[in-house]
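What follows is a short report on a single structure.
Letters go in sequence order (proteins before strands), and every chain restarts at 1. What you see below is based on every heavy atom in this structure, not just the backbone, and it leaves out hydrogens, waters and symmetry mates.
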Amino acid sequence: MAVTAGTKLDARTLRADFPIFEQQVHGKPLAFLDSAASSQKPRQMLDAMDHFYETSYANVHRGVYELAERATEALEHARERMRAFLNAPSTREVIFVRNATEAINLVAYAWGLWNLEAGDIVVVTELEHHSNFVPWQFVAGKRGAELRMLPLDDHGELDLSGLDAIAREGNVKIVATNLVSNSLGTINPVDRLVAWAHEQGAIFVCDAAQAAPHMKLDVQALGVDFLAVSGHKMCGPSGAGVLWGRAEILQKMEPFLTGGHMISSVHVDKTTWGELPHKFEAGTAPMAEAVGLGAAIDYLEAIGLDAIEAHEHELAAYALGRLAEVPGITLYGPPAERRAGIVSFNLEGIHPHDVAQILDLQGVAIRAGHHCCQPLMHKLGVAATNRASFYLYTIPEEIDQLVEGLHAVRKVFA
Amino acid sequence: MAVTAGTKLDARTLRADFPIFEQQVHGKPLAFLDSAASSQKPRQMLDAMDHFYETSYANVHRGVYELAERATEALEHARERMRAFLNAPSTREVIFVRNATEAINLVAYAWGLWNLEAGDIVVVTELEHHSNFVPWQFVAGKRGAELRMLPLDDHGELDLSGLDAIAREGNVKIVATNLVSNSLGTINPVDRLVAWAHEQGAIFVCDAAQAAPHMKLDVQALGVDFLAVSGHKMCGPSGAGVLWGRAEILQKMEPFLTGGHMISSVHVDKTTWGELPHKFEAGTAPMAEAVGLGAAIDYLEAIGLDAIEAHEHELAAYALGRLAEVPGITLYGPPAERRAGIVSFNLEGIHPHDVAQILDLQGVAIRAGHHCCQPLMHKLGVAATNRASFYLYTIPEEIDQLVEGLHAVRKVFA
Amino acid sequence: MSDFALENLYREVILDHYKNPRGHGVIEHADAEAEGQNPLCGDEVSIYVAFGEDGETIDDVKFSGRGCAISQAATSMLMEMAKGRTAEQVATLDKDELLAEIGVPLTPVRLKCAMLGLTTLKVALHKAKGTPLPEGLADFDDLELT
Amino acid sequence: MSDFALENLYREVILDHYKNPRGHGVIEHADAEAEGQNPLCGDEVSIYVAFGEDGETIDDVKFSGRGCAISQAATSMLMEMAKGRTAEQVATLDKDELLAEIGVPLTPVRLKCAMLGLTTLKVALHKAKGTPLPEGLADFDDLELT
Ligand SMILES: Cc1ncc(COP(=O)(O)O)c(C=O)c1O
Ligand SMILES: Cc1ncc(COP(=O)(O)O)c(C=O)c1O
């Protein structure tokens with residue numbers, strides 16, 4: 001694929017790469033509007049995994065035979081692809097994990113559990129996914145540290161006015177926020193929070209699960225200390241994600257999972273840890289999954305992250321406009337300019353589960369629930385919302401299908 | 001496939017299911033003798049994953065639309081297959097993780113870290129894989145508990161004569177051993193150790209990474225409290241393993257990884273955990289990998305675990321006989337009757353790395369190294385050994401190829 | 001839209017119970033009560049029970065909380081079913097009896113919605129009378145009642 | 001067997017260094033020393049350095065330990081290369097210079113074997129003279145030297 005930067009992507013053509021769209025659901029064309037939960041997979045990525053299994057499979061790193069060498073090369077190539085994707089300084093800083101949740105837990109345990117002390121402060125936001133909230137609450141609780149939440153303002157954006165007050169309360173050790181909210185699509189001002197965190201001497205953990213699939217990332221420009229990514233949301237397979245971390249910090253940390261591969265030497269009285277990134281990759285790696293993730297990055301970069309972001313942005317604006325036509329609808333979150341391809345809403349008097357179920361019968365797949373954001377739901381004063389989310393293969397007709405579907409939902413409950 | 005129990009398997013026919021054997025390596029037929037590190041994959045398993053991605057992919061458990069329902073059903077079907085495979089009482093006790101290493105770490109952290117106290121004793125053996133050694137050493141160290149190692153006797157089997165002395169030394173809280181050694185192939189007397197552990201009031205953690213691929217397991221008959229399995233060693237994909245644990249214990253435990261999916265409700269002041277098994281499955285599961293593992297179980301059970309065990313047993317006996325012909329060879333481990341399809345050896349004066357490299361040029365893939373068993377290597381007085389390991393697709397000709405290769409190795413170093 | 005499927009799932013009686021829930025409200029000083037939640041959507045329901053003079057028969061039962069049509073209708077139907085039965089009878093009430101009443105085919109996720117009221121009612125009775133907890137909820141004691 | 005590949009990898013000079021390693025032994029009261037290990041196979045090597053009167057030039061260097069033919073031969077060759085150079089020169093010695101001497105194509109895993117001696121020698125010099133650590137070993141200080 002030869003695509004030059006800035007080119008608009010052609011979602012209709014790209015759809016042909018995704019076998020899932022070759023079916024109808026309940027006799028209707030499939031309008032898959034739940035990509036924020038997990039994206040669909042292009043054939044190219046599936047082929048890369050099959051090819052790996054069929055020609056180059058063996059356990060990595062330790063074998064001196066041909067298949068093991070090939071497998072190791074494939075895994076390390078994927079690591080290099082991810083390094084370049086994040087503009088990380090070194091592959092030593094790219095750690096393969098299962099998903100963003102494990103990436104964040106790795107930091108919470110291996111840094112938080114052994115560094116937090118009673119009275120220290122961990123700062124998160126009201127807009128976090130449970131995966132960037134509960135781990136901090138858990139380790140803070142274990143260490144007697146305090147959890148503070150930055151609130152949202154009325155536009156669904158972070159209110160940073162309380163930062164000074166928090167800083168006066170005690171030792172801020174960790175600041176953890178997402179870059180893009182999975183509920184509201186808000187793009188958060190991570191730069192200001194990073195600067196503030198570093199002024200406090202805190203580490204900054206960035207949950208980029210929802211950002212990585214949709215926009216160009218640069219860990220050096222962001223200035224964060226750790227960054228978590230899920231492969232399955234960016235055209236990669238389930239079972240592989242990445243934690244990026246600064247080498248200086250990773251080196252000083254305890255390991256997280258221990259066991260095979262992550263050691264330098266094992267003795268009854270003393271075990272020493274392997275070099276980065278191996279120190280944090282205990283046991284057999286998700287090898288084929290990493291290979292698939294590397295292929296997904298190839299796929300995304302051939303299209304261009306800028307083109308993907310622009311496409312989603314257009315869809316978000318279109319969706320916000322069309323949805324506003326539906327009587328009784330409440331739309332949550334910031335205006336289109338400051339959001340990714342995610343739109344959350346409620347229909348008056350109709351529970352999201354019922355909305356989603358009736359939409360499903362019309363071939364429209366959206367998510368209904370708390371989106372693993374209960375603190376945000378409490379703030380919004382609802383138990384759940386409907387959420388439609390878009391990706392590179394989304395076409396405006398799917399949004400039309402959604403809007404028509406919502407009218408039908410309203411008829412059922414009229 | 002209609003195979004009745006007790007039928008001998010036909011490895012030559014089964015090989016046709018494995019695309020990896022359709023190639024030559026260095027111009028020779030591939031003799032893949034490293035299945036203990038990771039097994040090759042049958043087409044049936046790869047097809048099951050592709051089918052899932054192409055027709056039924058979506059994030060599980062939370063969606064109310066058709067694809068999400070299908071994906072959830074596929075994942076839960078795989079859980080049921082694993083439950084039956086282990087004869088576990090309930091699917092609530094079957095937790096999907098990445099690999100056996102993570103399974104053991106889960107118990108080490110979520111049970112060990114919060115239950116061990118200074119002076120408590122954790123018992124492992126000299127025969128453990130690092131993945132069932134380092135996690136215990138790590139958490140014992142963090143809690144000021146003691147690590148005790150059961151030694152090997154001269155036949156490569158566990159010497160249990162010191163158990164009473166250990167029991168007198170203090171509070172034994174955890175006993176962790178493997179069922180089959182990945183280095184020597186020894187089948188360990190887990191029943192006696194389980195009884196002893198329970199007499200001490202300790203939990204028993206069984207590392208079945210090397211047993212599950214090769215013999216019928218029954219967690220109820222074994223009487224263990226936890227059991228760890230790696231999918232990639234049993235014809236499943238990389239990226240999925242299983243921890244089985246007793247519900248009574250899992251319920252009382254803290255969670256391990258926290259975040260999305262594993263909660264019941266999340267509030268700033270208090271978060272409650274979800275029901276089993278979800279409490280231990282934070283974030284997006286290795287969904288396709290679990291589906292693949294389910295298909296692998298279908299594949300293995302169609303052949304029959306008894307037939308697989310008998311086949312490997314035959315191969316081990318044949319290999320021990322043929323290898324004994326090679327001048328200067330030292331064979332490690334127990335006699336064929338008491339071992340699985342794993343043979344470790346050294347050639348006098350020739351380092352395993354050199355042996356394996358020269359064999360590779362002849363198409364023979366074996367492992368050379370410490371096999372993540374440094375404590376065992378110290379005991380044997382070597383840095384490394386060669387290891388040939390077999391599986392259902394192994395044919396005696398591959399062992400012949402190995403033996404011929406070893407003669408060639410000796411010529412190079414003559 | 002497959003009207004048949006839709007008619008089937010959101011049939012008149014479901015919508016009627018949803019729009020006009022029976023037993024909706026609160027019993028002050030109830031003899032038994034419990035709160036339940038559906039972790040999938042955050043829905044919550046509270047159930048209140050008043051026993052008759054024998055201390056066993058359910059004299060009155062009410063519910064409050066929010067939820068989808070399926071969960072609200074199912075809970076509303078349950079209120080009608082429970083009244084006049086003993087605590088023991090309700091604790092051992094087979095979920096199929098309620099499912100028959102609902103009378104629409106449910107996927108596993110929606111089944112959780114439909115069962116929220118029944119589970120919560122059984123928990124309330126368990127707390128007050130020590131009757132058995134619903135299946136699969138043996139760990140409820142540790143997790144939720146503290 | 002592909003005799004060509006085999007000849008290539010285990011060529012005469014490698015086997016000669018393996019069987020008759022140069023500089024094999026121990027220097028008592030060495031001016032610099034370190035121990036290294038290959039985590040892949042558990043092989044260990046110890047390196048000992050004695051400086052000349054200027055305190056900079058390597059007067060004598062020896063190694064002990066066990067390993068495969070590649071690591072032993074590479075370390076043996078390294079002993080010959082290092083003698084007479086200054087600590088600084090060896091610390092900045094490009095690994096390609098040693099690889100050229102070895103003169104056989106190495107896969108990444110075997111490269112680790114070949115580099116074990118050089119890495120360990122550089123660590124010894126670092127400890128004694130503060131010369132730079134080898135690339136990728138910036139964390140060596142924390143992990144191994146304690
Ligand atoms: C006995 C034993 N335990 C544990 C493991 C670790 O398995 P994994 O690398 O899949 O976590 C292995 C695999 O090498 C093994 O053989
Ligand atoms: C913002 C955000 N963080 C974290 C996660 C967790 O990702 P995973 O389930 O892949 O661990 C998600 C996915 O739902 C997310 O959207």
Side-chain angles (χ1 to χ4, degrees), chain A residues 56 58-77 79-80 83 88-95 110 114 245-255 258-282, chain D residues 1-2 4-6 8-10 14 18 34-46 65-74 95 102 104-116 118-120 122-123 126-127 132-146:
Chain A
S56 313
N59 213 326
V60 291
H61 289 305
R62 283 174 295 263
V64 297
Y65 55 85
E66 175 72 17
L67 288 185
E69 297 279 5
R70 278 188 223 156
T72 305
E73 206 177 292
L75 176 67
E76 293 309 316
H77 175 73
R79 199 188 303 279
E80 164 56 24
R83 183 207 64 71
S90 162
T91 51
R92 299 170 67 234
E93 303 178 324
V94 175
I95 299 163
W114 314 124
R246 277 185 204 283
E248 309 92 86
I249 306 178
L250 291 171
Q251 277 161 214
K252 294 207 176 69
M253 274 160 70
E254 289 278 22
T258 61
H261 183 64
M262 54 72 71
I263 55 94
S264 170
S265 76
V266 175
H267 292 267
V268 191
D269 47 345
K270 186 170 185 228
T271 288
T272 55
W273 313 131
E275 289 175 32
L276 294 178
H278 311 296
K279 174 181 167 186
F280 290 101
E281 293 184 350
Chain D
M1 167 176 16
S2 156
F4 175 72
L6 187 57
N8 217 1
L9 188 57
Y10 289 92
I14 299 276
Y18 176 55
E35 208 183 293
Q37 37 201 301
N38 184 340
L40 296 177
C41 58
D43 284 343
E44 289 167 350
V45 66
S46 292
R66 58 190 171 186
C68 60
I70 302 294
S71 86
Q72 295 286 297
K95 69 174 196 278
I102 300 170
V104 300
L106 293 173
T107 59
V109 167
R110 301 316 301 276
L111 193 63
K112 292 221 168 105
C113 305
M115 288 299 120
L116 180 60
L118 180 58
T119 301
T120 308
K122 287 184 178 183
V123 170
H126 169 78
K127 292 200 300 178
L133 280 171
E135 244 182 287
L137 224 73
D139 44 345
F140 207 77
D141 265 306
D142 302 315
L143 296 176
E144 300 290 318
L145 305 183
T146 48

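Residue A/Val64 comes nearest to D/Arg110 through the heavy atom pair CG1-CD, 3.9 Å, listed as atom of the first residue, atom of the second, then distance. A/Ile263 approaches D/Pro39 most closely through the heavy-atom pair O-CB, 3.7 Å.
Among A/Glu76, A/His61, A/Glu69, the one residue that satisfies the side-chain contact (heavy atoms from CB on, under 4.5 Å) test with D/Pro108 is A/Glu69.
Counting non-hydrogen atoms of other residues, nucleotides and ligands closer than 6.0 Å to CD of A/Glu73 gives a total of 12 or fewer.
To the nearest 0.5 Å, the span separating OG on A/Ser264 from CG on D/Asn38 amounts to 9.0 Å.
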